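Since this is a predicted model, take the numbers as computed values, not measurements. In listed order, ligands and their atoms are each counted from 1. Starting from 1, each residue takes its place in the sequence as its number.
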Amino acid sequence: MARGGGTRDTSKLLMERSVPGRVGAVLPESDVPPQAMPDDPLLRRDLQLPEVSEPEVVQYFTALSQLNFSIDTHFYPLGSCTMKYNPKINDEAAFQPGFAAIHPLQPGEQSQGALEMLHRLQGYLGEITGLPGVSLSTLAGAHGEFAGMLMMRAYHHARGDTARLKVAIPDSAHGTNPASAAMAGFEVVTVASDDQGNVDLEALHDLAGPDLAGIMITLPSTLGLFDTGILDVCRIVHEAGGLVYGDGANMNALLGRVKLGALGFDVIHLNLHKTFSTPHGGGGPGAGPVCVSEELASYLPSPVVARNGGGAEYSLSTPANSIGKMSSFHGNFGVLVRAYTYIRTLGKEGIESISANAVLNANYLMESLRDKYLIPYDRTCMHEVVFSADWQRARGVSGLEIAKRLLDYGFHAPTMYFPLIVHEALMVEPTESETKETLDAFIQAMRDIDREADEDPDLVRNAPHTTPVSRLDEARAARHPDLRWQRP
Ligand SMILES: *Cc1c(COP(=O)(O)O)cnc(C)c1O
């Protein structure tokens with residue numbers, strides 16, 4: 001952590017560095033006529049602005065930016081959130097003036113290149129998932145889920161099947177799943193997992209009836225496991241007249257290997273800002289395209305890009321039974337360019353090697369730590385491995401404290417306390433883009449922390465020790481953020 005002295009010391013706010021008369025900007029001579037000022041009540045006479053030099057401003061904000069963990073500075077094994085390396089060529093492509101400076105209201109004949117890119121991306125995602133109907137307009141995973149649930153509802157309604165009000169959701173599901181189903185007007189029914197972490201087929205059977213709209217299921221599950229009963233899950237739901245929704249936020253284990261459409265899924269969403277490398281974090285822009293079977297393609301959100309014969313080859317179109325618009329214009333275009341570039345750079349073989357390496361890395365972590373950390377569902381894992389800190393807890397050190405201690409070792413913490421069905425869960429997702437050396441260093445840190453739990457538990461309990469601030473009141477920070485300098 002850069003916490004040196006002088007101007008790079010971020011403990012001193014910019015305002016506190018102000019020296020009267022110091023100037024950091026040179027304004028050009030005005031080339032417009034002077035204007036009268038507005039009325040006095042609108043003017044602030046006492047404007048607190050720091051008087052600092054340009055290098056001070058640059059150093060201050062650069063140092064601030066480096067206080068955070070990021071994927072470009074640290075290993076970031078945040079399970080379920082897939083923080084993988086974002087190749088810089090993706091940004092370069094998105095910054096091309098033809099993409100970056102285009103206006104969404106520009107006439108179609110002037111934006112054929114951009115529309116062609118979107119059309120190809122729809123095709124690639126349809127091919128990867130085995131679900132050929134694709135709309136790119138949804139802006140996040142949860143947004144895609146909501147669109148998927150609205151499509152499920154519209155599909156049943158169009159068939160006069162209005163009594164289907166229930167959506168089954170496994171107890172390991174991401175919290176957005178029940179929220180999206182409820183927002184679309186469904187009643188959520190929880191399905192238990194069996195002792196292998198698969199959906200309990202008997203429990204599902206009992207639920208499957210004429211009031212079941214469908215199931216929302218994540219594959220691999222949020223336990224990082226491939227549900228070996230998935231074909232039966234799809235069959236049971238279909239036989240009851242329901243649809244299968246797949247939460248495809250985490251496709252890192254399946255890319256190039258398993259097509260969800262072929263397994264029986266009807267609707268899914270993808271998180272381009274996880275699996276397809278575009279940056280995320282801090283609530284930044286994302287994209288959660290929805291992919292559906294032929295049968296559901298007419299319900300997709302508007303617009304989709306269609307390819308026509310003749311004149312303007314590509315155009316935006318609205319599917320016949322569309323659930324309508326889910327966002328302004330065409331979605332987060334810059335994110336879509338990045339995902340397109342990622343897929344094109346990798347090609348078919350590269351896409352396959354993502355899943356190979358992601359799964360290998362997660363299993364390497366699992367095998368290297370199994371003597372020190374409890375593995376509650378002990379099976380070959382997919383792209384992530386879920387440990388439990390129960391063995392450490394028994395010695396007085398919690399999963400949260402282990403996660404905090406990892407910060408001292410220079411690693412971002414893994415996801416904690418999710419999935420909810422694992423006690424003291426630590427969910428680790430190494431992704432495919434880390435080296436063996438990094439994984440080994442992480443393994444060593446986890447082993448060291450386990451030893452510290454015996455030898456010096458307070459060291460772990462009071463962590464982190466090396467970060468600019470230690471334990472935060474996260475709820476207070478979120479509810480009462482302190483964003484503005486005020487005169488002391
Ligand atoms: C991240 C994630 C989501 C939600 O995605 P957002 O883009 O954050 O809305 C949904 N399901 C799973 C399994 C996820 O990991």
Side-chain angles (χ1 to χ4, degrees), residues 71 76-84 86 125 129 135-150 167 169-184 188 190-191 193 197 199 215-227 230 244-255 260 265 267-291 301 326-327 331-332 334-336 338-339 358 362 381-386 412 414-422 425-431:
I71 197 68
Y76 210 126
L78 199 59
S80 199
C81 294
T82 314
M83 297 294 282
K84 65 164 75 171
N86 307 142
L125 299 181
T129 59
S135 169
L136 304 168
S137 63
T138 28
L139 305 175
H143 201 205
E145 290 170 25
F146 182 51
M149 286 296 105
L150 292 180
V167 170
I169 302 185
D171 56 7
S172 59
H174 194 269
T176 49
N177 289 188
S180 301
M183 272 183 74
V188 174
T190 304
V191 200
S193 305
V199 168
I215 190 170
M216 256 186 130
I217 187 169
T218 310
L219 189 77
S221 73
T222 56
L223 294 164
L225 302 173
F226 191 92
D227 191 318
I230 192 66
V244 178
Y245 183 93
D247 178 336
N250 311 132
M251 287 292 287
N252 239 27
L254 305 186
L255 281 183
L260 293 178
F265 286 74
V267 193
I268 66 151
H269 80 266
L270 298 169
N271 273 38
L272 299 189
H273 50 289
K274 291 179 181 170
T275 312
F276 294 89
S277 95
T278 58
H280 72 294
V290 279
C291 309
M326 293 295 293
S327 64
N332 270 331
V335 172
L336 302 174
R338 285 174 174 83
C381 66
M382 295 282 106
H383 59 293
E384 60 199 359
V385 49
V386 181
H412 192 280
T415 297
M416 312 172 297
Y417 300 112
F418 176 76
L420 302 177
I421 56 175
V422 172
L426 289 173
M427 185 193 216
V428 183
E429 180 175 1
T431 80

Any donor-acceptor N or O pair under 3.5 Å, side chains Asp171, Thr190: no
Ser80 and Glu429: side chain donor to acceptor below 3.5 Å: no
Between OG1 on residue Thr431 and NZ on residue Lys274, distance to nearest 0.5 Å: 13.5 Å
Atom pair NE2 (His273) and CG (Asn86), whose distance is rounded to the nearest 0.5 Å: 11.5 Å
Ring geometry between Tyr76 and His412 (parallel below 30°, tilted from 30 to 60°, perpendicular above 60°): parallel
Any residue meeting side-chain hydrogen bond (donor to acceptor under 3.5 Å, both in side chains) with Ser277, in chain and number order, not counting sequence neighbours: Asn90
Distances for all N or O pairs of ligand 1 and the protein under 3.5 Å?
unit_1: ligand 1; atom_1: 5 (O); unit_2: Asn271; atom_2: ND2; d: 3.1
unit_1: ligand 1; atom_1: 7 (O); unit_2: Gly141; atom_2: N; d: 2.8
unit_1: ligand 1; atom_1: 7 (O); unit_2: Asn271; atom_2: ND2; d: 3.2
unit_1: ligand 1; atom_1: 7 (O); unit_2: His273; atom_2: NE2; d: 2.7
unit_1: ligand 1; atom_1: 9 (O); unit_2: Gly141; atom_2: N; d: 3.3
unit_1: ligand 1; atom_1: 9 (O); unit_2: Ala142; atom_2: N; d: 2.8
unit_1: ligand 1; atom_1: 11 (N); unit_2: Asp247; atom_2: OD1; d: 3.3
unit_1: ligand 1; atom_1: 11 (N); unit_2: Asp247; atom_2: OD2; d: 2.5
unit_1: ligand 1; atom_1: 15 (O); unit_2: Ser80; atom_2: O; d: 2.8
unit_1: ligand 1; atom_1: 15 (O); unit_2: Ser80; atom_2: OG; d: 2.7
unit_1: ligand 1; atom_1: 15 (O); unit_2: Asn250; atom_2: OD1; d: 3.4
unit_1: ligand 1; atom_1: 15 (O); unit_2: Asn250; atom_2: ND2; d: 3.4
unit_1: ligand 1; atom_1: 15 (O); unit_2: Lys274; atom_2: NZ; d: 2.7

